[in-house]
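Below: one structure, written as structure tokens.
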Amino acid sequence: TLMPSYFLQNAILAKSGAMYGRRLTGENYASLLACRAIDEAAAYLKTQTIYGDVLKNLSTSGLHRGQLEEALQKKLFALYESLFRFGTSTGQNFQYYYIMRSDIKQILTCLHLLTGGESGEYIYRIPAFFNNYTEIPLFELAKAGSFPEILKTLTGTVYEEVFSKFNGQAMTNRLILEIEADLYRYFYARLDEIIRKDFRGKRLKSLQRLLSVQADIHMAEKLYRLK
């Protein structure tokens with residue numbers, strides 16, 4: 001017999017709390033900042049943090065930044081996936097949240113590399129495992145050598161509408177900031193829809209307040225960078 005949704009939500013929140021307790025500490029970040037190279041940072045993460053399991057089969061000698069990023073993202077996805085397995089709408093929405101956030105990161109990474117004249121670098125930063133979950137054809141995105149080609153790659157995805165207003169505009173750093181602001185505006189709007197479906201009462205109000213503060217901080221940062 002399935003437990004009522006209320007108890008499943010509590011189970012997910014409890015598991016989330018346990019995961020939060022295993023996050024990197026201020027001391028971990030200080031040690032990482034003291035590292036002088038990717039190899040050194042990777043070795044520290046491998047031996048001193050919860051990321052050791054995804055790095056154990058990787059040689060830290062001569063490690064490419066993209067390889068390290070993919071391994072860390074894979075670990076993060078595995079943590080989120082442990083919440084998806086609850087099989088409830090709440091668990092599925094955790095998955096939706098993570099995938100959308102990751103989608104936006106991939107799009108923005110591609111745009112920044114393109115603007116910086118390093119579009120060929122994106123192929124090394126693709127989290128290959130994530131290609132099974134996103135609707136964005138990441139390897140096609142890696143082939144895009146211009147803004148119109150990126151727009152074409154996103155045709156048919158949920159991000160097509162967000163990008164439609166930018167069609168025909170010249171690629172600049174300011175344009176990327178405007179795109180980023182619109183992507184996150186869309187992201188927070190979808191999150192608000194999700195929590196309205198799954199939560200009620202005080203819990204809903206608390207989540208909406210948290211979401212509102214997070215969105216305000218995020219948007220304020222974007223506006224500041226646009227000045």
Side-chain angles (χ1 to χ4, degrees), residues 16 18-83 95 97-134 136-147 149-150 153-154 171-173 175-177 179-180 183-184 187 214 217-218 221-222 224-225:
S16 300
M19 289 163 56
Y20 183 74
R22 296 196 298 270
R23 72 195 187 282
L24 296 185
T25 64
E27 184 179 345
N28 291 142
Y29 282 112
S31 297
L32 286 168
L33 286 171
C35 293
R36 292 167 295 180
I38 296 293
D39 296 11
E40 193 177 338
Y44 176 82
L45 289 166
K46 187 175 185 176
T47 58
Q48 303 296 323
T49 73
I50 62 169
Y51 295 99
D53 57 342
V54 293
L55 295 171
K56 64 182 179 182
N57 295 322
L58 281 179
S59 171
T60 56
S61 178
L63 189 67
H64 188 279
R65 175 183 169 181
Q67 292 175 291
L68 178 59
E69 288 180 355
E70 179 177 1
L72 298 181
Q73 289 179 56
K74 194 171 185 178
K75 175 64 176 181
L76 184 59
F77 185 80
L79 292 173
Y80 273 100
E81 195 173 33
S82 67
L83 300 176
Q95 185 177 31
Y97 160 81
Y98 176 79
I99 290 173
M100 181 173 284
R101 195 180 70 170
S102 299
D103 280 347
I104 292 173
K105 180 180 178 182
Q106 294 307 311
I107 292 169
L108 293 175
T109 296
C110 188
L111 288 172
H112 282 296
L113 289 171
L114 179 63
T115 305
E118 299 181 284
S119 58
E121 177 72 13
Y122 180 64
I123 190 68
Y124 300 107
R125 300 197 186 184
I126 293 176
F129 74 93
F130 185 61
N131 211 40
N132 295 323
Y133 300 92
T134 178
I136 298 174
L138 296 179
F139 290 101
E140 290 301 313
L141 190 64
K143 296 176 185 177
S146 66
F147 188 46
E149 288 178 10
I150 289 178
T153 303
L154 296 174
M171 174 64 71
T172 62
N173 287 326
L175 179 66
I176 293 177
L177 286 173
I179 290 171
E180 183 177 356
L183 283 170
Y184 278 107
F187 173 70
Q214 187 178 13
I217 292 172
H218 208 135
E221 178 197 350
K222 300 298 170 287
Y224 178 80
R225 287 162 60 195

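All of these numbers come straight from a predicted model, not from anything done at the bench.
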Where do Ile176 and Met171 land on the side chain to side chain contact (heavy atoms under 4.5 Å, CB included) test, with the steps shown first? CA-CA 7 Å; Ile176 293 177; Met171 174 64 71; 3.7 Å; yes

Lys75 atom NZ: more than 12 heavy-atom contacts under 6.0 Å: yes

Start with the C-alpha distance between Tyr184 and Leu108, add both sets of side-chain angles, then the distance that settles side chain to side chain contact (heavy atoms under 4.5 Å, CB included), and finish with yes or no. CA-CA 11 Å; Tyr184 278 107; Leu108 293 175; 4.1 Å; yes

Spacing of Glu121 atom CD and Ile123 atom CD1 [to the nearest 0.5 Å]: 10.5 Å

Could you grab the distance from atom CD of Glu140 to atom CD of Glu149, nearest 0.5 Å is fine? 10.5 Å

Are the side chains of Ile126 and Asn131 in contact, using a 4.5 Å heavy-atom criterion? no

Minimum heavy-atom distance between Leu114 and Ala144, given as atom pair plus value: CD1-O, 4.5 Å

Mind checking what makes salt bridge (Lys or Arg N to Asp or Glu O under 4.0 Å) contact with Arg101, not counting sequence neighbours? none

So CD1 of Ile50 and CZ of Arg23: to nearest 0.5 Å the spacing works out to 10.5 Å

Nearest 0.5 Å, what's the CE-CG distance between Met100 and Leu183? 9.5 Å

Output, in order, the C-alpha distance, side-chain angles, deciding distance and verdict of side chain to side chain contact (heavy atoms under 4.5 Å, CB included) for Arg125 and Gln106. CA-CA 9 Å; Arg125 300 197 186 184; Gln106 294 307 311; 5.7 Å; no

Under the 3.5 angstrom rule, does the side chain of Lys46 hit a backbone N or O of Leu58 as a donor-acceptor pair? yes

Using residues 29-45 as the side-chain source, report each donor-acceptor pair under 3.5 Å to any protein atom, sequence neighbours left out, with the distance given to one decimal.
{"from": "Ser31", "atom 1": "OG", "to": "Glu27", "atom 2": "O", "distance (Å)": "3.1"}
{"from": "Asp39", "atom 1": "OD2", "to": "Gly62", "atom 2": "N", "distance (Å)": "3.0"}
{"from": "Glu40", "atom 1": "OE1", "to": "Arg36", "atom 2": "N", "distance (Å)": "3.2"}
{"from": "Tyr44", "atom 1": "OH", "to": "Asn28", "atom 2": "ND2", "distance (Å)": "2.8"}

Output the distance between atom CD1 (Ile150) and atom CD1 (Ile107), rounded to the nearest 0.5 Å. 9.0 Å

Is the number of heavy atoms from other residues, nucleotides or ligands within 6.0 Å of CZ (Phe139) greater than 12? yes

What orientation do Phe187 and Tyr97 show, parallel under 30°, tilted 30 to 60°, or perpendicular over 60°? tilted

Between Thr115 and Thr172, does a side chain to side chain contact (heavy atoms under 4.5 Å, CB included) hold up when you go through it step by step? CA-CA 7 Å; Thr115 305; Thr172 62; over 6 Å; no

Drop me the distance from Leu68's CG to Thr60's OG1, to the nearest 0.5 angstrom. 10.0 Å

Distance-minimising heavy-atom pair for Phe130 and Ser102: CZ-CB, 3.4 Å

